[in-house]
Asker: 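This structure is in structure tokens; I'll ask about it shortly.
Computed from heavy atoms alone, side chains included, the values below leave out hydrogens, waters and symmetry copies. Numbering starts at 1 and runs along the sequence shown.
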Amino acid sequence: MSELAHHTDNLGRGHGDSHGHGHGHGHDAHEAHGSFKGYMTGFVLSVILTAVPFWLVMESPLASPQLTAFLVVAFAAVQIVVHMIFFLHMNASSEEGWNFMAFVFTLIVVVITIAGTLWVMYHMNTNMMPQMDTMEQNEIGQQP
């Protein structure tokens, strides 16, 4: 029987999965699509993981700006994991490891993006307007 005929035969009969293949692909599984509790847990964690770094930056409770920056990046990394688990429903056991592969790929892309951004910003800071130091010294020396 052709795929189209098989799909047409299964329409409206209530058996098989939504694609009419007659065997499950995990589309109807409750755990694959999450639950209200799972989504709310992810939402609350996301709000906390956004609010705490915002507070750290706005109130500056830590003495070191470097420590604050490190904590903001750490909260961002944890938030990525929270989103992948609670909203994208990724774990190591589902879909024959493909979700784990996607997780590893995401981590690699995030590390490359963060490292590249920090590298570019560092070099822009050191290479932008290098004559500014000498200009400021000349202006200070000329003032009465």
Side-chain angles (χ1 to χ4, degrees), residues 1-140:
M1 178 181 280
S2 73
E3 185 67 30
L4 179 61
H6 186 72
H7 182 69
T8 310
D9 283 350
N10 285 332
L11 288 177
R13 293 195 183 168
H15 64 281
D17 64 358
S18 61
H19 297 289
H21 297 286
H23 55 281
H25 289 286
H27 296 292
D28 295 328
H30 178 67
E31 65 199 45
H33 295 287
S35 65
F36 181 76
K37 180 182 176 184
Y39 284 122
M40 286 309 295
T41 302
F43 175 73
V44 169
L45 286 173
S46 295
V47 168
I48 291 169
L49 292 170
T50 300
V52 170
F54 184 80
W55 175 77
L56 286 173
V57 170
M58 294 304 291
E59 298 296 323
S60 301
L62 303 175
S64 169
Q66 290 82 10
L67 179 60
T68 301
F70 175 77
L71 286 175
V72 168
V73 171
F75 274 96
V78 171
Q79 190 169 63
I80 289 170
V81 174
V82 166
H83 282 254
M84 291 177 71
I85 292 171
F86 288 98
F87 300 122
L88 298 177
H89 313 293
M90 299 177 93
N91 58 37
S93 64
S94 64
E95 295 187 23
E96 300 171 4
W98 282 107
N99 282 338
F100 183 71
M101 295 275 290
F103 176 71
V104 170
F105 176 74
T106 301
L107 288 180
I108 290 170
V109 169
V110 167
V111 166
I112 290 171
T113 302
I114 291 172
T117 301
L118 292 174
W119 181 74
V120 166
M121 289 190 320
Y122 171 78
H123 285 287
M124 284 185 69
N125 186 38
T126 57
N127 294 328
M128 283 298 276
M129 306 284 284
Q131 70 275 13
M132 286 300 288
D133 291 334
T134 57
M135 287 175 52
E136 288 175 5
Q137 289 173 356
N138 290 340
E139 288 177 8
I140 292 172

Asker: Just wondering, do Val82 and Ser46 contact through their side chains at under 4.5 Å, heavy atoms?
Answerer: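 With C-beta onward as the side chain, the pair touches.
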
Asker: Roughly how far apart are Leu118 CG and Thr113 OG1, rounded to 0.5 Å?
Answerer: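 So the CG of Leu118 and the OG1 of Thr113 are separated by 10.5 Å.
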
Asker: Rounded to the nearest 0.5 Å, how far does CZ of Phe43 lie from NE2 of His83?
Answerer: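 One gets 10.0 Å once the value is rounded to the nearest 0.5 Å.
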
Asker: Do the side chains of Pro61 and Leu56 get nearer than 4.5 Å, heavy atoms only?
Answerer: yes

Asker: Shortest non-hydrogen contact from Pro65 to Ala63?
Answerer: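 For Pro65 and Ala63, the tightest heavy-atom pair comes out as CD-O, 3.6 Å.
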
Asker: Kindly write out the residues that satisfy ring-ring contact (aromatic ring centres under 6.0 Å, His included) with Tyr39, not counting sequence neighbours, or none if the list is empty.
Answerer: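 With neighbours one apart ignored, the set is His89.
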
Asker: From Phe75 CZ over to Ile48 CD1, what is the distance, rounded to the nearest 0.5 angstrom?
Answerer: 9.5 Å

Asker: For Phe54, does the CZ atom have more than 12 heavy-atom neighbours from other residues, nucleotides or ligands under 6.0 Å away?
Answerer: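 Open.
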
Asker: Measuring from atom CG of Leu45 to atom OG1 of Thr41, what distance do you get when rounded to the nearest 0.5 angstrom?
Answerer: 6.5 Å

Asker: Quick one: CE on Met40 to CZ on Phe86, what's the gap to the nearest 0.5 Å?
Answerer: 12.0 Å

Asker: Please report the interatomic distance CG(Leu49) to CD1(Ile80), rounded to the nearest 0.5 Å.
Answerer: 11.0 Å

